[in-house]
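Only heavy atoms go into these numbers, but all of them, side chains included; no hydrogens, no water, no symmetry mates. Because the structure is a prediction, the values reported are computed rather than measured. Letters A, B, ... mirror the listed sequences (proteins, then strands); counts begin at 1.
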Amino acid sequence: MKNALKICTPLDTDVIKKLKAGQFVFISGTIYTARDQAHLRLAGLIKSGKKLPLVLKNQIIYYTGPTPAGKGRPVGSCGPTTSSRMDEFTPSLLDAGVKVLIGKGRRSQEVVRSLKKNKGVYLMAPAGCGAYLSERVKKAKLLTFGDLGPEAIYKLEVENFPAVVAIDSRGRKITA
Amino acid sequence: MRVISAAKVEEAVGSLFLKANTVIRPDIKRALKRAYAKETNKLAGELYRIILENAAIAKTKRLPICQDTGLPVVFVEAGEDVRIKGGGLEGVIQKAVIRSYKKYLFRASIVSDPLKRESRSGFGPAIIHLELKKGKRLKITVMPKGFGSENKTRMKMFNPTVRITEIENFIVECVKNAGSDACPPYIVGVGVGGTAEKANLLAKMALLRPVDKNSRKKHILKMEKKIYSMINHLRIGPMGLGGKTTCLGVNILTYPTHIAGLPVAVNIGCHATRSAAVTI
């Protein structure tokens, strides 16, 4: 994709502010997986003021539950899952320091408001393209909530992981 | 009476799930190529390129097309003159699903209790729909159904006096409601008639029909074409990025129903709708 922006983690606020809705980006660096049950747990821990199993400040959360890794691969297929199921937990995660969310589909007004407030962005990864995205993951390590199986939190090292900015830090959206 | 060994059924079910999860359906591939060729929206075009490359990678590296390898659904059309030797049909299918999902590294997406949601090692049980037919053949169709799309299922019990346009609008509204959440461009499966559960089953079975084939019933074909055009005017496009294609096909199946009602169910299929079939 021409005119795509290459960004590396950790992302500082200046880079995040520059991202505009509709822009195509390639991410390199560290991202963390978390979906439904991990969100429920993280939001619970935040609410009760307990210690979190990972530092959320300035991090990227990717909504995915990969298939198991085959021989010689860090992960199996790992495309995005529907973001709206995470909506009720997202503002508390953004308040706790998360800066970038990656998933697919629409977000609630509360999430848009929280992204604006916390200067965060929401990206969409190519939906239904788990095999393609698997090729962009170089390393994967189980970080926590291993009992959740595919819903555990994994630390992924990605290289040129493609995504489209769907909601930017000013709350501008690409999708209706 | 024709005897088919349980081992043969097990082998067939296992291979079908491997094929369905890793090889894109030829009709869907054709439809995606057509959508790519006519797309003028650059971002949407790039998405089609990635979707097609994803299919190629999945096939050559035997990776699942989508990480959501679904809730395994199996449709069985069993001839009344067929007997399975060496195991019951239900048991054999369930065993085959678990073996296949384990062997080919598909995702354990099933929780055994829908409310407690504790056990996460689940590859099954599969949902099995059995239909008895005349004859000596056994047809098995598998569909690993992803839940991003399944979550967008809707149904409505219309009055029998409803105008057709109201039904058409309801179906379009279902797609609008799914928006970009469930991996468009979609295949829209519609079940009309029967009882509530029959309409839902028909809607799911409608997803099995190739997207480039329409109903043989003239009045249904007309509806399919009209709804197809209405949905593509929504301009949701791949990933919600806009563009010319929001659905690859509208497939409607009908069944006789009661004088007092008209059930209509809509089951959404994503662009990675997967299925495979074999007749033994």
Check for a donor-acceptor pair, side chain of B/R107 on one end and backbone N or O of A/G65 on the other, with a separation under 3.5 Å. yes
Got a donor-acceptor contact below 3.5 angstrom from the A/S77 side chain to the B/C66 backbone? no
Find the one option among B/P184, B/G179, B/G148, B/G237 whose heavy-atom pairs under 4.5 Å with chain A are most numerous. B/G179
Above 12 or not: heavy atoms from other molecules or residues under 6.0 Å from NZ of A/K17? no
If you count the non-hydrogen atoms of other residues, nucleotides and ligands that lie under 6.0 Å from CZ in B/R154, is the total more than 12? no
Run the side chain to side chain contact (heavy atoms under 4.5 Å, CB included) check on B/M239 and A/K104 step by step: do they pass? CA-CA 7 Å; B/M239 242 166 98; A/K104 65 162 164 146; 5.6 Å; no
B/K244 atom NZ, neighbour heavy-atom count above 12 within 6.0 Å: yes
Sorted by chain and number, sequence neighbours left out, salt bridge (charged side-chain N to carboxylate O under 4.0 Å, His left out) with B/E168 holds for B/K226
Nearest 0.5 Å, what's the CG-CE distance between B/L241 and A/M124? 4.5 Å
Can you say whether B/C183 sits under 4.5 Å from chain A via the side chain, the backbone, both, or neither, judging by heavy atoms? both
Bottom line for A/P66: the part with an atom under 4.5 Å from chain B's heavy atoms is backbone
Carboxylate-amine/guanidinium contact B/D181 A/R106, below 4.0 Å: yes
Nearest heavy-atom pair of B/S180 and A/G105: which atoms, and what distance? OG-CA, 3.3 Å
Leading residue by heavy atom contact count with chain B [cutoff under 4.5 Å; candidates A/G70, A/A125, A/S134]: A/A125
Contacting moiety of B/A178, where chain A heavy atoms sit under 4.5 Å: backbone
Which portion of B/A182 sits near chain A, non-hydrogen atoms under 4.5 angstrom: backbone
Closest-packed option against chain B by number of heavy-atom pairs under 4.5 Å, given A/P80, A/P126, A/G76: A/P126
Report yes if the side chains of B/F106 and A/T67 come closer than 4.5 Å at any heavy-atom pair, otherwise no. no
Considering all heavy atoms, the nearest A/A131-B/P64 contact: CB-O, 3.7 Å
If I measure from the heavy atoms of chain B, does A/C78 come under 4.5 Å with its side chain, its backbone, both, or neither? backbone
Look up atom CZ in A/R73 and atom NZ in B/K61, then write down how far apart they are to the nearest 0.5 Å. 5.5 Å
Tell me, do B/D68 and A/T81 make a side-chain contact under 4.5 Å, heavy atoms counted? no
If you tally heavy-atom pairs under 4.5 Å between each of B/T69, B/L43, B/I50 and chain A, the highest tally belongs to B/I50
Walk me through whether A/V75 and B/Q67 qualify under side chain to side chain contact (heavy atoms under 4.5 Å, CB included). CA-CA 10 Å; A/V75 278; B/Q67 74 289 343; over 6 Å; no
Atom group of B/R62 that falls short of 4.5 Å from chain A, counting heavy atoms: neither
For B/K152, which atoms come within 4.5 Å of any heavy atom of chain A: side chain, backbone, both, or neither? side chain
Sort out for me which of B/L47, B/N151, B/I51, B/I57 touches chain A most, counting heavy-atom pairs under 4.5 Å. B/I57
Take atom CZ in B/R49; do more than 12 heavy atoms of anything else shown fall under 6.0 Å from it? yes
Might you confirm whether atom NZ of A/K138 has over 12 heavy atoms from other residues, nucleotides or ligands at distances under 6.0 Å? yes
